[in-house]
Structure formats: C-alpha cells, structure tokens
2 protein chains.
Amino acid sequence: MSVSEDAGGRPRPPDVYAADCPSRLVLEHVTSRWGVLVLAELLDGTHRFSELRRAVGGVSEKMLAQTLQTLERDGFVHREAHPVIPPRVDYSLTPVGEEAARQVWALARWAEDRVPTVFAAREAYDREKAARPRV
Amino acid sequence: MSVSEDAGGRPRPPDVYAADCPSRLVLEHVTSRWGVLVLAELLDGTHRFSELRRAVGGVSEKMLAQTLQTLERDGFVHREAHPVIPPRVDYSLTPVGEEAARQVWALARWAEDRVPTVFAAREAYDREKAARPRV
DNA sequence: CTGTATCCTCGTTGATACTG
DNA sequence: CAGTATCAACGAGGATACAG
C-alpha cells in the first residue's frame, strides 16, 4: 500500500509519509542540519543565543531561531528569557533533550569513525564506474 | 569563524558547511528520508528492487534508485544484478551497512519510545502559545 | 541582544514517459 | 523488471531589513 494515498484513494500531502513512521517526526528535528550541532553544543552546558550563533558556524539567525524553537517545542531545549536590557536568553537541554543529544552524538561519533571507510568506498565505486561506464 | 567564508573571505558553496563536520557527509545519507527505511528493510534480509518498492511505501522509483545508489556508493549496500530476462537485481547489506542499519534503527527505536513525550510537549507548547500570544 | 518579516534562490522531490 | 530522463512544483534555507 502506498503512503501517498489512503484507503479511499485520496491524495495526501507529501510530508504525511511520516504518519506510517511516527519516529521520523521526532528524528527529523534532532537529526536536522542544525539540530545536531545545536544539541551537541548544548551538551556542553547552557548557552546564550549569540554564543550558539558563534559556536555553530555558518548558521543564520533565522535558522538558529527556528531550530531552537522547534527543539523547545519538542521539549528538548529549555528557553529562559531574562527581562533585562539588552535582552538575554539562555538555552539549555532538558533531561529528554540531553538524552536526545547523547543519542545523536553517539551516532555522529560512529559516523565519524566510519568516514575513512565510507570515503574509500566512494572512491572505489567512482573508479569502477569510470573504468566501465556501461556494464 | 563563519563557515560561509574561508580565511580569505571568499564565499563557499552552501553545502560545504559539512566540511567542518565530516560525519554529516555520512549521516545525511543513512538518516535521509528513504535511507533509514531502506536500511531497516534490508536488515530483514536480501530484497529485490520491486520488493523494496512495495515494502517502503510511498517511495518513487526514482528516489528508491537514487537512495540505493547512494548507499551502494557509500559501501552500505551490496547490489547484485543477475543477467537474466526479465532483469533481477538483489540488494543486501554489507557488514558496514548492517552496522549502519542497526545504528539508525536503534536511534529510530529510541525516537519511537519518546514519541508520546514529544507530542505531549508540543501540545503543551502550542497551548501555552495560544494562551499568551505576546509575552 | 534577540529575534521577526519578507523576498528570493536553489535543491530536492514527485510525476510522467521512455529504455534495455 | 529495473531502471533513466525530463520537467514542474514545492519547500528549506539564506540575505536583508526591521522590531522590541
């Protein structure tokens, strides 16, 4: 059965594929481009918005804010806004967030260990393809 | 230091952010939308193209082929084409691929366990936001 | 400082049609 | 059966400007 249609054959929005795999709805946030890096950084302790911006190189304000809001909504990140001027907002991991951070960090570590292997595989594959383009 | 520029200040292509985090180059394939599902399915044993197409609901031929090629190139999946008519191609996990599959599967399981918690957090967040739109 | 709003580009995806 | 080619649409993401 296709995910693109329900029993009645009506089309579904593309992103509802995840309905068949609820874990993806959680995973896609913690494994997102900036989610991983933010979680990893917060594993180190509480950080301000601008600290995270610097620590996570290359992230735009928009994407950092969006990522933090998503993680906060999911209950992974705790946001504490201090009513001072200039504004100061501290971000930290919740218990569940720390769990998430450790999980993705472990996966990242595993991936990092396999980087040489994977890159070697890619080169071998590309070499093979170049040698016999049509087989 | 921003990832968007190198030491000389020249702009870099957007996706080169990953250069600072090589593990992402591996992660983005195994944690991709269809990559997770394909790996999970192959954890079950060897499958043909059309079997995978059915098993992984909602995937288009194009994306399945693309996903399999990527995973093969990375050395996670072994592709065996039988020279028969009609064509028959078997896909299976390599040892490294099985490692990858187990890793992401473990993460998926963890995520699945947390789904109720996360969804509750989202509802609470949304309720809070609806109650005080501007604070 | 900590965001929000807008515009705009670019990549990814899906549908469709076609080939070996 | 197992893909490849092409096209169109969509959405994520970045740049910029501005607000609280």
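First the proteins, then the strands, lettered A, B, ... as listed; each starts at 1. These figures come from a predicted structure and were not determined experimentally.
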Indicate whether OP1 or OP2 belonging to C:dT12 is found under 4.0 Å from a side-chain N or O atom of B:Trp34.
no

Residues which pass side chain to side chain donor-acceptor pair (under 3.5 Å) with A:Arg53, listed by chain and number, not counting sequence neighbours:
none

For A:Arg48 versus A:Asp90, what's the shortest heavy-atom pair and its separation?
CG-OD1, 3.4 Å

Check whether any side-chain N or O of B:Thr94 sits under 3.5 Å from a backbone N or O of B:Gly75 as a donor-acceptor pair, and report yes or no.
yes

For A:Val59 and for B:Asp90, find the nucleotide of DNA chain D with the closest heavy atom, then tell me which residue's nucleotide is more 5'.
B:Asp90

Answer yes or no on whether B:Arg122 is positioned over the face of B:Tyr125, meaning its NZ or CZ is under 6.0 Å from the six-membered ring centre and within 45° of the axis.
no

So, is B:Arg33 near the phosphate of C:dG14, with a side-chain N or O under 4.0 Å from OP1 or OP2?
yes

Of the non-hydrogen atoms in B:Leu27 and A:Ala111, which two are nearest, and what is the gap between them?
CD1-CB, 3.5 Å

Any base atoms under 4.0 Å from A:Arg79, or only sugar-phosphate, or nothing? Heavy atoms, all strands.
sugar-phosphate

Distance in angstrom units between A:Arg54 CZ and C:dT2 C1', rounded:
13 Å

Would you mind reading off the distance between A:Met63 atom CE and D:dA12 atom C1', rounded to a whole angstrom?
7 Å

Let me know the distance between OH of A:Tyr91 and P of C:dC1, rounded to the nearest Å.
14 Å

Measure from CZ on A:Arg53 to C1' on D:dA15 and round the result to the nearest Å.
11 Å

Where the side chain of A:His78 meets the backbone of A:Ser92, is there a donor-acceptor pair that is under 3.5 Å apart?
no

Got a sec? Which of residues 42-52 of chain A come in under 4.0 Å of DNA chain C, heavy atoms?
A:Arg48, A:Phe49, A:Ser50

Between A:Lys62 and A:Leu68, name the one whose nearest nucleotide on DNA chain C is closer to the 5' end.
A:Leu68

Among C:dG3, D:dG14, C:dC1, the nucleotide that comes nearest once only the side chain of A:Pro86 is considered
C:dC1

Measure from CD on A:Gln66 to P on C:dG3 and round the result to the nearest Å.
14 Å

Nearest whole angstrom, please: distance from the P of C:dT4 to the CD of A:Glu61.
10 Å

Separation of atom NE2 in A:His82 from atom C1' in C:dG3, rounded to whole Å:
16 Å

Can you tell me how far P of C:dG3 sits from CD1 of A:Ile85, to the nearest Å?
14 Å

Main-chain N/O of B:Tyr91 paired with B:His47 side-chain donor or acceptor, under 3.5 Å
no

